[in-house]
Amino acid sequence: MFGFTRRLLLGIFWATLGIGSVAATAADRSSRELLIAHDSMRNERIDTRDRGQIQLLFGDQSTLSIAPGSDVVINEFRYDPQTQAGNRTTTLTAGLLRYVGGEISRKQDVVFNTPSAVVSVRGGIVLIKAERSARLDRGGGGKTEAIFLSGDSMCVTANGQSQCTTKFATAITSDGGAPPSAPAPVATEAIQALFGNLQAVDGAAN
């Protein structure tokens, strides 16, 4: 049903509050989970700070891969398979995620909130990394880096200003709540390093 390969052992299936989970254990005993989202969910928290990599599959055919050490809340996911329309908003408090767009993002922007910025995506694939501020007395909530890999567009808004890009392999950052930077090219090595944190998730989904 789920096609788990690469020496993964299929675990248990459960459903709770709009998310089902297929748990798997790799040969190295690291934890990997494949979560199946229902067509409607709200305020679901996925905390991987004490867990392995996680991938979420949504009804609109979008996916969300979450690296270890991340804290994510699905604020809202609503999808009507009949009309292929819906809405989704996600908050990344800390960590790294990759979003691969589905039906919703083909018709409207999908929004990701971080402590320092708002990232909106139309279609395609993005990487978003959020870092908390090391100083509690520092405003802005740390640093946000969003990398646009494919699709129609990506925008980052912070401190009342926005920067957008339609060029693949470009990044927009906001540090400490400052206005977002202009889009800048990202080296292949930097992208590969981020994908390295998500590679085990890809293996679990094959």
Side-chain angles (χ1 to χ4, degrees), residues 46 48 53 55-56 58 60-77 86-199 201-202:
I46 299 96
T48 65
Q53 301 94 339
Q55 184 173 46
L56 289 86
F58 293 88
D60 70 334
Q61 304 303 310
S62 63
T63 65
L64 197 63
S65 302
I66 304 173
S70 302
D71 190 357
V72 176
V73 175
I74 310 300
N75 303 106
E76 180 184 20
F77 175 76
N87 187 55
R88 71 173 295 161
T89 304
T90 303
T91 296
L92 173 65
T93 302
L96 170 68
L97 64 77
R98 179 187 60 185
Y99 172 71
V100 178
E103 292 296 334
I104 293 176
S105 69
R106 293 188 181 100
K107 298 179 180 180
Q108 66 187 55
D109 289 350
V110 168
V111 175
F112 294 86
N113 298 303
T114 74
S116 62
V118 177
V119 181
S120 57
V121 182
R122 176 66 65 91
I125 304 172
V126 296
L127 290 166
I128 303 174
K129 183 178 181 181
E131 299 176 358
R132 290 189 176 95
S133 174
R135 291 178 53 188
L136 296 177
D137 60 344
R138 182 181 176 184
K143 180 179 180 180
T144 297
E145 179 181 21
I147 302 175
F148 183 61
L149 298 178
S150 73
D152 296 333
S153 64
M154 179 189 77
C155 296
V156 177
T157 301
N159 198 24
Q161 300 185 37
S162 298
Q163 289 281 353
C164 299
T165 183
T166 58
K167 187 174 181 180
F168 300 164
T170 56
I172 301 173
T173 62
S174 174
D175 196 352
S181 67
V186 183
T188 301
E189 293 78 9
I191 295 175
Q192 289 176 339
L194 293 174
F195 266 91
N197 292 327
L198 299 162
Q199 187 173 11
V201 176
D202 295 333

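Take Asp152 and apply the salt bridge (charged side-chain N to carboxylate O under 4.0 Å, His left out) test, not counting sequence neighbours, and it matches no residue. Residues that satisfy the side-chain contact (heavy atoms from CB on, under 4.5 Å) test with Asn87, not counting sequence neighbours, are Glu76, Arg78, Thr89, Gln108.
Checked options Val100, Thr63, Ile74, Ile104; the residue passing with Phe58 is Ile74 (criterion: side-chain contact (heavy atoms from CB on, under 4.5 Å)). With Thr173 as the partner, the side-chain contact (heavy atoms from CB on, under 4.5 Å) test is satisfied by one option alone out of Ser181, Pro183, Pro180: Ser181.
A donor-acceptor contact shorter than 3.5 Å links the side chain of Ser70 to the backbone of Leu96. Side-chain atoms of Ser105 do not come within 3.5 Å of backbone N or O of Asp109 as any donor-acceptor pair. A donor-acceptor contact shorter than 3.5 Å links the side chain of Thr48 to the backbone of Gly69.
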List the atom pairs, donor and acceptor, that lie under 3.5 Å between side-chain atoms in residues 153-165 and the rest of the protein, sequence neighbours left out.
from: Thr157; atom 1: OG1; to: Ser162; atom 2: OG; distance (Å): 2.6
from: Thr165; atom 1: OG1; to: Lys167; atom 2: N; distance (Å): 3.1
from: Thr165; atom 1: OG1; to: Thr170; atom 2: OG1; distance (Å): 2.9

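The OG1 atom of Thr93 sits 9.5 Å away from atom CG of Asn113, with the distance rounded to the nearest 0.5 Å. With rounding to the nearest 0.5 Å, the separation of CG in Asp60 from NZ in Lys107 is 10.0 Å. To the nearest 0.5 Å, atoms CG (Leu97) and CG (Leu127) are separated by 8.0 Å. Here Glu103 contributes atom CD and Ser62 contributes atom OG; the two are 9.5 Å apart, rounded to the nearest 0.5 Å. In this structure, Phe77 CZ and Leu64 CG are separated by 11.0 Å, a value rounded to the nearest 0.5 Å. Distance check: Ile128 CD1 to Ile66 CD1 gives 11.5 Å after rounding to the nearest 0.5 Å.
Residues Arg98 and Ile125 have side chains in contact (heavy-atom distance under 4.5 Å, counting atoms from C-beta outward). At least one side-chain heavy atom of Val111 sits under 4.5 Å from a side-chain heavy atom of Val118. The shortest distance between side-chain heavy atoms of Val72 and Phe112 does not fall below 4.5 Å. Side-chain contact between Phe195 and Leu149: present, with at least one pair of heavy atoms (C-beta onward) separated by less than 4.5 Å. For the pair Asn197 and Lys129, the minimum side-chain heavy-atom distance is 4.5 Å or more.
The shortest heavy-atom contact between Val126 and Phe148 is CG1-CD1, 3.9 Å. Here the closest heavy-atom approach between residue Phe168 and residue Ser150 is recorded as CE2-CA, 3.4 Å. Among all heavy-atom pairs drawn from Ala171 and Val186, the shortest one is CB-CG2, 3.3 Å. Looking at every heavy atom in both residues, Leu92 comes nearest to Pro115 through O-CD, 3.4 Å.
Using modelled atom types and a 3.5 Å distance limit, the side chains of Thr144 and Ser174 yield no donor-acceptor pair.
For the pair Glu145 and Lys143, the salt-bridge criterion is not met [side-chain N within less than 4.0 Å of a carboxylate O].
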